[in-house]
Amino acid sequence: MRPPPPTDAFFPRPPGPPPLPLENAPCVWVVDDSASEARFIKAALGTGFQVETFPDGAAMLERLHAGRAPDVVVLDWEMPGMSGPEVCQFLRGQRETQALPVLLLTSHGRPEDLVQGLRAGANDYVAKPFRTEEVRARVDALARTKRLVDDVRRTSEEKAEVFAQLDALLTSSPVGLSLLDRDLRFVRVNARMAKLDGLSVDAYPGRTLAEVLPRFAARLEPLLRRVMETGEPVEELGFTLEHPDAPHGELYVMASYHPVRTARGEVVGVGAVMVDVTRLKQAEAELRASAEFRERFLGIVGHDLRNPLNSIRMGASFLVASDQLPPPLVRTASRIINSTDRMTRMITELLDFTRSRLGGGIPLNPGATDLGQVARQVVEELELVHPHRTVKVTSTGPLTGNWDADRLAQVLSNLVGNALQYSPADATVELTVVGEPEQVIARVSNPGEAIAPEELETLFHPFQRARTGAHVPSGLGLGLFISDQIARGHRGTLTVTSDAKATVFTLTLPRGGA
């Protein structure tokens, strides 16, 4: 005989937190063949749950796969057809409902009956007659447990998905990747890393770095421990690996090591990335060899061209000095002399450029030098070439230092010559030499069209020339590059500024020189 429902004396609910919105409230299915008892349980659970009632187990099972699944099932033990334990046992046999929380309501008080209900799969039970607060508390506990289980399952599924993505990345990555724990044992290694080491993937998991790669342990272990202790990565560490499939039997690799941190920032291991740069090294070597050959070739050609050019110039000079040529031929011979001089300057620039690019630098022969005297000599030579131009020379202060006089003459000749070329024909070029306590400064200034800012940035690069509407560039574009190299060789600087008023090159030389 079914016991009477609990009295209303137990209905009042103590104050507590406000219930969840209905759409977020736990869904509870109450299965009881007594409609009055089912209504009472629904009323007892209150507004904090979405409650649906069923007259028997068959009706509940029929509804099971239509719509939202329940978070908790409240089963009466005694029901026509399937009993509560039988319904519970059926639920536990289905994959979709095997973890569904079940609360049994029973008037069976014998321990063996309760054991039977729990063995059937019930999570909890409430003996009749029951207190409404007890039913509500136990249903709430089962609902919270269900949500925790769902959260754990969801997190596990997300982790499984992340690990699947990680495995896919590790497998398809063109670089070697591995993960070591704090004991420097390999946790994960991809196939590319194993191939670079010449091992199988199975040779790594659970083994230490010293066991897998003993030839690198002495070098890497202190480094990896420092990464874990300091949290600072180590990047682009070069290695040479012996490998039978590599050209010349060796691979060149670059390795980087980064700390692996938890969400709290705790370092739990080291991640290693290894990139095969063998082809890059070979390409660099080939490019370097090609560039060296090209520059040596330029040097040889430039050197060997000087002799025939000198012969041409000497012959033309002899003809001019002989006074036996008519005026038109004298002008032709003079053009030959000017052309050979220009070619000689180009060859000298090529030779200087080749020396600087091959690493030897531009050779200097420093000695006691008066920069003021060098400046006057340079201007006198240029005035012969440009008889209709004016170069104003101003010098103040002590102008002596330990420098290469010929090379500084080359710099000043280049700067003043450029100023004459790039300024209006009636403009005056100014050369100012100022002696200061620790250094001497030479400035070459000329009016004319300003040099564009983007050209100023590359003006001292090789094969670069300023372009203005008033002048078409000529020559190789090496003069300023070589001048800058000569200044650097003297531990000085060569800079330039340009605006609508003037373009100014400034040569600064410390007195100590080269």
Would you say that more than 12 heavy atoms from the other residues, nucleotides or ligands in this model lie under 6.0 Å from the OH of Tyr252, or not? no
Step through the shown structure and confirm whether more than 12 heavy atoms of other residues, nucleotides or ligands are within 6.0 Å of CZ on Arg389. yes
Taking Asp183 for its side chain and Arg185 for its backbone only, find out whether a donor-acceptor pair lies under 3.5 Å. no
Scan the side chains in residues 433-444 for donor-acceptor partners under 3.5 Å anywhere in the protein, sequence neighbours excluded, and list what turns up.
from: Glu436; atom 1: OE1; to: Gln439; atom 2: NE2; distance (Å): 3.0

Which heavy atom of Met193 sits nearest a heavy atom of Tyr204, and at what distance? O-OH, 3.9 Å
How close do Ala217 and Leu209 get, heavy atom to heavy atom, and via which atoms? CA-CD2, 4.5 Å
Donor-acceptor pairs under 3.5 Å, side chain of residues 225-235 to any protein atom, not counting sequence neighbours: which ones?
from: Thr230; atom 1: OG1; to: Arg226; atom 2: O; distance (Å): 2.7
from: Thr230; atom 1: OG1; to: Glu232; atom 2: N; distance (Å): 3.2

Would you find a donor on one side and an acceptor on the other, under 3.5 Å apart, between the side chain of Asp404 and the backbone of Asn365? yes
Apply side-chain hydrogen bond (donor to acceptor under 3.5 Å, both in side chains) to Asp202 and Ser200, showing your working. CA-CA 5 Å; Asp202 296 335; Ser200 68; 5.1 Å; no
Pairwise distance CG(Asp426) to OG1(Thr390) - rounded to 0.5 angstrom: 9.5 Å
Can you list the steps and then say if Gln410 with Arg407 is a side-chain hydrogen bond (donor to acceptor under 3.5 Å, both in side chains)? CA-CA 5 Å; Gln410 184 179 351; Arg407 288 297 187 182; 2.8 Å; yes
Identify, with sequence neighbours excluded, every residue that meets side-chain contact (heavy atoms from CB on, under 4.5 Å) alongside Pro326. Pro328, Leu329
What is the distance from atom CG of Asp484 to atom OG1 of Thr495, rounded to the nearest 0.5 Å? 9.5 Å
Are any non-hydrogen side-chain atoms of Leu180 and Thr208 less than 4.5 angstrom apart? no
Has Asn190 got a side-chain atom pairing as donor or acceptor with Val175's backbone, closer than 3.5 angstrom? yes
Counting distance only, does the side-chain N/O of Ser339 pair as donor-acceptor with the main-chain N or O of Ile336 below 3.5 Å? no
Sub-3.5 Å donor-acceptor pair from the side chain of Ser256 to the main-chain atoms of Glu236, do we have one? yes
For the backbone of Leu199 and the side chain of Asp197, can you confirm whether one donor and one acceptor N or O come within less than 3.5 Å of each other? no
Would you give the length of the straight line joining atom CG of Leu251 to atom CG of Asp276, rounded to the nearest 0.5 angstrom? 5.0 Å
Salt-bridge criterion met for Arg154 and Asp150 (N-O under 4.0 Å): no
Do Asn414 side-chain atoms and Gly479 backbone N/O form a donor-acceptor pair below 3.5 Å? yes
Could you tell me whether the side chain of Ser317 and the main chain of Gly315 form a donor-acceptor pair under 3.5 Å? no
Backbone of Pro510 reached by a side-chain donor or acceptor of Trp403 within 3.5 Å: yes
Is a side-chain N or O of Asp71 found less than 3.5 angstrom from the main chain of Cys27, in a donor-acceptor match? yes
